[in-house]
2 protein chains.
Amino acid sequence: MAFNTSGYLPHIAYDSVIFGFSGEKLKILLIEYHKTGWLALPGGFVKVDEPLDEAVKRGLRERTGLDQIFLEQFYTFGSLERVQPEIMKKILTAHDKDIADDHWLLDRFISVGYYALIDYDKVEPTPDALSDSINWYGVDEIPELLFDHNFIVKKALDHLRTHLDQKLLSVNLLPERFTMKELQQVYEAILGEKLNRANFQRKILSLGILERHEKLYSGGSHKAPYLYSLKKKV
Amino acid sequence: MAFNTSGYLPHIAYDSVIFGFSGEKLKILLIEYHKTGWLALPGGFVKVDEPLDEAVKRGLRERTGLDQIFLEQFYTFGSLERVQPEIMKKILTAHDKDIADDHWLLDRFISVGYYALIDYDKVEPTPDALSDSINWYGVDEIPELLFDHNFIVKKALDHLRTHLDQKLLSVNLLPERFTMKELQQVYEAILGEKLNRANFQRKILSLGILERHEKLYSGGSHKAPYLYSLKKKV
DNA sequence: TTACTATTGTTTCAAACAGAAACAATAAAC
DNA sequence: GTTTATTGTTTCTGTTTGAAACAATAGTAA
C-alpha cells in the first residue's frame with residue numbers, strides 16, 4: 001500500500017452514470033482517455049475532509065456545468081476483478097506522467113456508483129485533465145468500457161427502471177415545462193417499450209403532482225398540447 | 001493519514017443489519033462494546049485482497065455461525081458527521097489497548113451497509129474481540145446507537161420494505177418449510193401492519209413460486225395447515 | 001368559409017385485480 | 001356425535017388497467 005499525499009482518500013472512488021434525454025433516446029456521458037481512445041464513465045475521488053455526496057456533486061459540476069441536479073447513489077462495487085492497475089498505469093503514462101509503481105492511483109479501488117438525471121440541452125460536456133473528450137452515447141449502443149463500467153451502467157439502468165415512478169423521477173430529464181407526449185417519450189426511452197397514450201395520461205395525472213399550464217402552439221396543424229410542470233411542494 | 005499495516009483497507013468499513021424473526025417480531029442483532037455499554041451494528045473491515053461481499057460474509061459467519069445466507073447491499077454512508085474518532089478511541093482504550101493518536105481505526109471511514117435475513121432459531125450470536133455481547137432487539141425498540149447507526153437501520157428497513165415482494169425475500173427469515181400463517185406474520189412484522197388473510201394467501205400463491213407439502217399436525221383442535229417451501233429453480 | 005388532417009384530451013367498455021366477508025373443511029377435545 | 005378453533009376457498013363488490021372509440025382543436029387548403 002502506497003503512502004498518499006494527494007489529499008484524496010485512497011482506495012475509494014465514485015463513478016457517475018449521467019443520463020440525458022435527447023428527444024428520442026436515452027443517453028449517457030462517456031469520457032475518452034487521452035491517446036488510448038479508451039472509454040469509461042466519468043468518475044473521481046473523495047477529498048479527505050469532503051462528504052461522499054459532495055465529491056460526486058463537485059465532479060458533476062465540473063463535467064456538466066450544472067448544479068442542483070438530480071443525483072442518487074445506487075450501488076457500491078467492491079469486487080477484485082475490477083482492480084486493473086496495468087490499465088490505470090497506461091492511462092497515466094499516456095498522459096505524459098511519470099508514475100511510480102506504488103502510486104496511490106494504481107491501488108485497489110472500491111467505487112460507489114451514482115446516477116444523475118439532467119436536462120440534455122442545458123449541458124456543455126467538459127473533459128477533465130485525463131480525458132480527451134466527453135460525449136453522449138445511446139444506452140442501447142454503449143461500446144466496451146474500461147474496468148467493470150459496462151456492468152455499472154447496467155446496474156444504474158436497472159435501478160432507474162425500478163424506481164422510475166417514485167415522484168416522477170423522470171421529469172428531471174426534461175426542461176421545467178414539458179408536454180405529456182415528451183414525458184411519455186422519456187418513459188418509453190427508459191423502459192424500452194411503447195406505452196398506451198390514454199392510459200399513460202390517466203396514470204400520470206392521477207398521481208396529482210403535475211400542474212397544467214398554458215398550451216404550446218407549435219405551429220402544427222392540430223390541437224395544441226398543454227404544458228405541465230412538477231407541482232411545487234406545499 | 002496514518003500508515004496502516006493491518007492488512008485491511010483503510011477508510012472503508014461495512015455495517016450489517018441482521019434481521020431475524022422471532023415468531024412475533026422482527027428483530028436485529030446489536031453488539032455491546034466492552035465496558036462502555038455502547039450499542040452498535042456489527043460491522044468490520046475489508047482485507048486488502050478480499051472482495052467486499054466476501055468480507056461481509058466472513059463477518060456474518062463469525063457473528064452468526066451461518067453460511068449461505070441472504071445478504072444484500074443497500075447503501076453506502078459517506079457523510080462527515082459519521083466521523084467520530086473520540087468515540088472509537090474510547091472503545092479501543094476501554095479494551096485495554098494503547099492506541100496511538102494516528103491509529104488507522106481513528107481515521108475517517110466510509111461504510112457500506114448490508115442487510116441479512118436469517119432464520120432466528122438457527123443462530124448462536126457470537127460476540128467479537130471488542131464486544132461484550134450481541135443480542136436481539138425488536139425493530140420498534142432500537143435504543144440509541146453509536147455513530148449514524150440508527151440512520152443505517154432506518155435505511156435498511158426502508159429498503160427491505162420496498163423490496164419485500166421480489167421473489168419472496170422474506171422466506172429467508174423462516175425455516176425451509178413454513179405455514180402460510182407464519183409467512184403472513186413475517187410480512188406483518190416487516191410492514192408493521194395487519195394484512196387480510198384470504199387476500200394474502202391468494203396473492204402469495206398466485207406468484208406460483210411456493211410448493212405445497214404435507215400438513216403440519218400441531219396438536220391443536222382445528223384444521224391443520226399445509227407446509228410450504230420455495231420452489232427449486234428449474 | 002368550409003372541409004380536411006394530424007394530434008391531443010377524454011370517455012367508454014371489458015377484463016383483470018383487490019378488499020371484505022361468507023362459506024367449507026377438518027383436527028382435536030369433550 | 002357435537003363443538004371449537006383455525007385454515008383453505010369462494011363469492012361479491014368496487015377499483016384499476018388495457019384497448020379502442022370519440023371529441024376537441026390548430027393549422028392547411030380548397
Side-chain angles (χ1 to χ4, degrees), chain A residues 21 23-24 161-162 164-168 170-171 174-231, chain B residues 21 23-24 161-162 164-168 170-171 174-231:
Chain A
F21 178 69
E24 37 160 1
R161 280 180 182 144
T162 56
L164 228 199
D165 273 348
Q166 355 181 109
K167 296 186 227 150
L168 275 189
S170 49
V171 298
L174 292 169
E176 173 143 20
R177 297 200 171 184
F178 48 87
T179 65
M180 192 57 73
K181 184 175 190 177
E182 288 171 331
L183 185 57
Q184 182 171 347
Q185 285 173 325
V186 171
Y187 263 74
E188 291 176 341
I190 293 176
L191 297 175
E193 59 178 323
K194 289 285 172 196
L195 302 175
N196 179 285
R197 193 173 55 89
N199 299 332
F200 181 79
Q201 172 131 341
R202 179 167 50 186
K203 184 184 146 198
I204 296 293
L205 289 181
S206 76
L207 295 176
I209 58 180
L210 286 190
E211 206 157 350
R212 180 177 279 183
H213 301 284
E214 76 283 0
K215 291 185 174 181
L216 171 68
Y217 295 91
S218 60
S221 58
H222 52 73
K223 187 171 179 177
Y226 289 105
L227 286 172
Y228 294 89
S229 71
L230 255 196
K231 254 186 200 159
Chain B
F21 178 68
E24 38 161 359
R161 281 181 182 143
T162 57
L164 229 200
D165 273 347
Q166 356 181 107
K167 295 184 228 151
L168 275 189
S170 50
V171 298
L174 292 169
E176 173 142 18
R177 297 200 171 185
F178 48 87
T179 65
M180 192 56 73
K181 184 174 190 176
E182 289 172 330
L183 185 57
Q184 182 171 347
Q185 284 173 326
V186 171
Y187 263 75
E188 291 176 340
I190 294 176
L191 297 175
E193 58 179 322
K194 289 285 171 195
L195 302 175
N196 180 284
R197 192 174 56 90
N199 299 331
F200 181 80
Q201 173 131 342
R202 179 168 48 188
K203 185 183 146 196
I204 296 294
L205 289 181
S206 76
L207 294 177
I209 58 179
L210 287 190
E211 206 157 351
R212 180 178 277 184
H213 302 284
E214 76 283 3
K215 290 185 175 181
L216 171 69
Y217 295 91
S218 60
S221 56
H222 52 75
K223 187 171 180 177
Y226 290 105
L227 286 172
Y228 295 88
S229 70
L230 255 198
K231 256 186 198 158

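dA20(C) atom P lies 14 Å from atom NZ of Lys203(B), rounded to whole Å. One can place CZ of Phe200(B) at 18 Å from P of dC17(C), the figure rounded to the nearest angstrom. Distance CG (Leu216(B)) to P (dG8(D)): 10 Å, rounded to an integer number of Å. Rounded to an integer number of Å, the gap from CG of Leu205(B) to C1' of dT9(D) is 11 Å. Atom pair Lys194(B):NZ and dG19(C):C1' shows a separation of 17 Å (rounding to whole Å applied). We find that CD of Gln185(B) is positioned 13 Å from C1' of dT6(D), with the value rounded to whole Å. What separates CG of Leu207(B) from C1' of dC17(C) is a distance of 13 Å, to the nearest Å. Atom CG in Leu227(B) sits roughly 14 Å away from atom P in dA27(C) (whole-Å rounding).
Heavy atoms from other residues, nucleotides or ligands lying under 6.0 Å from NZ of Lys215(B) number more than 12.
With sequence neighbours excluded, the residues forming a ring-ring contact (aromatic ring centres under 6.0 Å, His included) with Tyr187(A) are Phe200(A), listed by chain and number. For Glu214(A), the salt bridge (charged side-chain N to carboxylate O under 4.0 Å, His left out) criterion is met by Arg177(A), not counting sequence neighbours. Legend: residues meeting side chain to side chain contact (heavy atoms under 4.5 Å, CB included) with Glu193(A), ordered by chain and number and at least two apart, are Leu191(A), Leu195(A). When the side-chain hydrogen bond (donor to acceptor under 3.5 Å, both in side chains) test is applied to Gln184(B), the partners found at least two apart in sequence or on another chain are Glu188(B).
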If the sugar-phosphate is the primed atoms plus P, OP1 and OP2 and the base is the rest, what is the B/S/- string for nucleotides 19-27 of chain D, using protein heavy atoms under 4.0 Å? BB---BBBB
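Considering only side-chain N and O atoms, Gln201(B) lies nowhere under 4.0 angstrom from the phosphate OP1 or OP2 of dT7(D).
Between His213(A) and Ser229(A) the shortest side-chain heavy-atom distance falls below 4.5 Å. For the pair Glu176(B) and Val171(B), the minimum side-chain heavy-atom distance is 4.5 Å or more.
The rotation axes computed at either terminus of the helix from dT1(C)-dA30(D) to dC30(C)-dG1(D) lie 20° apart, taking five pairs at each end and rounding to 10 degrees.
For the salt bridge (Lys or Arg N to Asp or Glu O under 4.0 Å) condition, the pairs that include at least one residue of residues 195-213 of chain B, sequence neighbours left out, are Asp165(B)-Lys203(B).
Here Lys181(A) lies in heavy-atom contact (under 4.0 Å) with sugar-phosphate atoms only.
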All N/O donor-acceptor pairs, side-chain side in residues 216-224 of chain A, below 3.5 Å, sequence neighbours left out:
none

